[in-house]
Amino acid sequence: MDPFAHTFTGAALASSGLRRATPLATAALVIGANIPDIDIVMAFGGDNMSVAHRRGWTHGIAAVIVLSFALTWVLLLWDRYVRLRCNPDAEPAHPRPLLWVVAIAVISHPILDWLNNYGMRWWMPFDGRWSYGDTLFIIDPWVWLFLGGVAFLAWSRRILALIAWVFFGSFASWLILDTGMVPVLVRWLWLAGIVGLVAVRLIVKPSMKTLEIVARVALVVMVLYMGVNLIANIPVRTEVRAQVDAAGLEPAIDMMVAPIPANPLRRQVVLDTGNGYHLGSWNWMDSPRLRLDNNYLLSNMDHPAALAAAADISARRYLIWARYPIAIVDEQANGYTVSFSDARYLEGIGPGIRPVVQLDKELQLRE
């Protein structure tokens, strides 16, 4: 998920009452909910290093344990040598409760990342296989509205914080209202939610006790929302396979039924037959629910030029991540141009760097 979703999750957990577990609990929850993304430094590596190494070493079960202890240790050092020296009368942080809230925050990160179709590697560094929840889109407006709404009500009392919330609310609203992929009904519901939050902030001004109840309700609603979306994929996958068999199409060896932005009733469908892909969409409200595109998309990954191009460092790293790889081979007078892509993100949502490799006539890499 996006950094806002992780931050709002940590903030909502703090608002639900966990911030009372120990001094520094709020900082622990917000930082812990984001700390697995320290692998963002891979983005500076170039040649698709980020695509190959993100959501791996710092997101697996082993990293959850290591990062939980490491962050707790850093916070305890901060507490002892900075916070308590500035305020000797302050209550010191308690190691055991601090470790627990850090662990809760850290584990929330890979769980949320697993829920989308980008992928996550639970068992790194021991096993590099990717796992996909195919449950939520990478950016989900309902997570922003519910969990971000809790954070807004809890941390908007100061003028600078309020200004920051105005900027975020404007940015988020522009992103949702200006995106054609978001249904009209969702846009109106988003606006209604924003107006409602502002009204509560200005008129009701809820107490901390009330905010704890609101935070708990919001967290429960989000868990139910994610759970329903996850479970709903089971009958969808069963019916997709039945319709594919009824149409006499080649059976799929793998299938993706993934969410689209802001509309839990629709799904993006990719059927992998081994040599290529059937692309389509699923809509609970349509008849038939499954609609496949007429064009069958060849993967072309067994083409000699594609096999040679896969040796390029940028392509090799991209293919570590690619779930449904595609090679477009363009033969020219002096060689080949091979472009790699992924059937999940043909419309441009996903990693922005798709490798393009130049080969000579002997299928050797050219500079």
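Just so it is clear, the values below take in all heavy atoms, side chains as well, and ignore hydrogens, waters and symmetry mates. Numbering of residues begins at 1 and proceeds along the displayed sequence. Worth saying up front: this structure is predicted, and the values here are computed from it rather than measured.
- No single ILVMFWY cluster, assembled from side-chain heavy atoms under 4.5 Å apart, contains both M226 and V223.
- Atom CZ of F152 has more than 12 heavy atoms from other residues, nucleotides or ligands within 6.0 Å.
- For the atom pair CD of E362 and OH of Y336, the computed distance is 9.5 Å after rounding to the nearest 0.5 Å.
- Ring centroid separation for the pair W155 and F168 does not come in under the 6.0 Å cut-off.
- Checked by atom type and distance alone, the side chain of T273 pairs as donor or acceptor with a backbone atom of G276 at under 3.5 Å.
- In terms of heavy-atom proximity, A28 sits nearest to L71 at O-CD2, 4.1 Å.
- The minimum heavy-atom distance linking V182 with A262 is given by the pair CG1-CB, 4.0 Å.
- Between atom OG of residue S50 and atom CZ of residue R55 there is a gap of 10.5 Å, rounded to the nearest 0.5 Å.
- Of the listed residues (I326, I328, V357), just one forms a side chain to side chain contact (heavy atoms under 4.5 Å, CB included) with F340, and that residue is V357.
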Give the C-alpha distance, both sets of side-chain angles, the deciding distance and a yes or no for side chain to side chain contact (heavy atoms under 4.5 Å, CB included) between L292 and L271.
CA-CA 10 Å; L292 296 178; L271 304 175; 4.2 Å; yes
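- To the nearest 0.5 Å, the span separating CD1 on I138 from CG on D113 amounts to 9.0 Å.
- Listed for the S108 side chain is a donor-acceptor partner under 3.5 Å among the backbone atoms of A105.
- W321 places a side-chain N or O within donor-acceptor distance of the main-chain N or O of Y118, the cut-off being under 3.5 Å.
- Side-chain atoms of L145 and I194, non-hydrogen and from C-beta on, do get closer than 4.5 Å to each other.
- For residues 72-113, the set of pairs meeting the ring pair (Phe, Tyr, Trp, His ring centres under 6.0 Å) definition, not counting sequence neighbours, comprises H6-H109, H59-H109.
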Between N263 and W284, does a side chain to side chain contact (heavy atoms under 4.5 Å, CB included) hold up when you go through it step by step?
CA-CA 11 Å; N263 190 349; W284 284 99; over 6 Å; no
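- In this structure, W122 places its CH2 atom where more than 12 heavy-atom neighbours from other residues, nucleotides or ligands lie under 6.0 Å away.
- The pair K361-E331 meets the salt-bridge criterion, since a charged nitrogen lies less than 4.0 angstrom from a carboxylate oxygen.
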Start with the C-alpha gap between N233 and R267, add the side-chain angles, then the distance that decides, and say whether side chain to side chain donor-acceptor pair (under 3.5 Å) holds.
CA-CA 9 Å; N233 269 352; R267 299 283 193 276; 2.9 Å; yes
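- For the atom pair L99 CG and T72 OG1, the distance stands at 4.5 Å (nearest 0.5 Å).
- T26 and A14 get closest at one heavy-atom pair: OG1-CB, 3.9 Å.
- R316 contributes a side-chain N or O that, together with a main-chain N or O of A311, makes up a donor-acceptor pair within less than 3.5 Å.
- By the 4.5 Å heavy-atom criterion applied to side chains, L346 and S341 are counted as neighbours.
- R121 places a side-chain N or O within 3.5 Å of a backbone atom of R54 that can act as its donor or acceptor partner.
- Cluster annotation: L185 and W190 are assigned to the same hydrophobic cluster (Ile/Leu/Val/Met/Phe/Trp/Tyr, side-chain heavy-atom contacts under 4.5 Å, transitive).
- Distance CG/D134 to CZ/R323: 4.5 Å, rounded to 0.5 Å.
- From Q268, atom CD reaches atom CG of N117 across 6.5 Å, with rounding to the nearest 0.5 Å.
- A donor-acceptor pair under 3.5 Å links the side-chain atoms of D272 to the main chain of G274, judged by distance alone.
- Looking only at side-chain heavy atoms (C-beta outward), V338 and H303 stay at 4.5 Å or farther from each other.
- R80 CZ: 12 or fewer foreign heavy atoms inside a 6.0 Å radius.
- With D342 contributing its side chain and R344 its backbone, the two residues share a donor-acceptor pair below 3.5 Å.
- Taking H278 as the reference, Y296 meet the ring pair (Phe, Tyr, Trp, His ring centres under 6.0 Å) condition, with sequence neighbours excluded.
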Could you walk me through whether N229 and T135 pass the side chain to side chain donor-acceptor pair (under 3.5 Å) test, one step at a time?
CA-CA 6 Å; N229 275 281; T135 300; over 6 Å; no
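- Using a 4.5 Å heavy-atom cutoff, the side chains of W165 and R201 are not in contact.
- Counting heavy atoms from C-beta on, the side chains of L24 and R83 come closer than 4.5 Å.
- Residues V228 and W142 do not share a hydrophobic cluster, clusters being chains of Ile/Leu/Val/Met/Phe/Trp/Tyr side chains in contact below 4.5 Å.
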What do the steps show when you test L219 against V150 for side chain to side chain contact (heavy atoms under 4.5 Å, CB included), and what is the final call?
CA-CA 9 Å; L219 287 167; V150 170; over 6 Å; no
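- With no hydrogens or angles considered, a side-chain donor-acceptor pair links Q358 and T337 at under 3.5 Å.
- Screening I313, N48, D312 for a side chain to side chain contact (heavy atoms under 4.5 Å, CB included) involving Y318 leaves a single residue, N48.
- Residues V329 and A305 share a closest heavy-atom pair of CG1-CB, 3.8 Å.
- Scanning both residues, V106 and I35, for their nearest heavy atoms gives CG2-CG2, 4.0 Å.
- No donor-acceptor pair under 3.5 Å is formed between the side chain of S15 and the backbone N or O of A12.
- Distance alone, capped at 3.5 Å, is enough to place a donor-acceptor pair between the S299 side chain and the N275 backbone.
- Side chain of D286 to backbone of W282: no donor-acceptor contact under 3.5 angstrom is found.
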Verdict with supporting geometry, L359 and L363, side chain to side chain contact (heavy atoms under 4.5 Å, CB included):
CA-CA 5 Å; L359 303 173; L363 300 181; 4.2 Å; yes
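- Residues forming a ring pair (Phe, Tyr, Trp, His ring centres under 6.0 Å) with Y277 (at least two apart in sequence, or on another chain): Y324.
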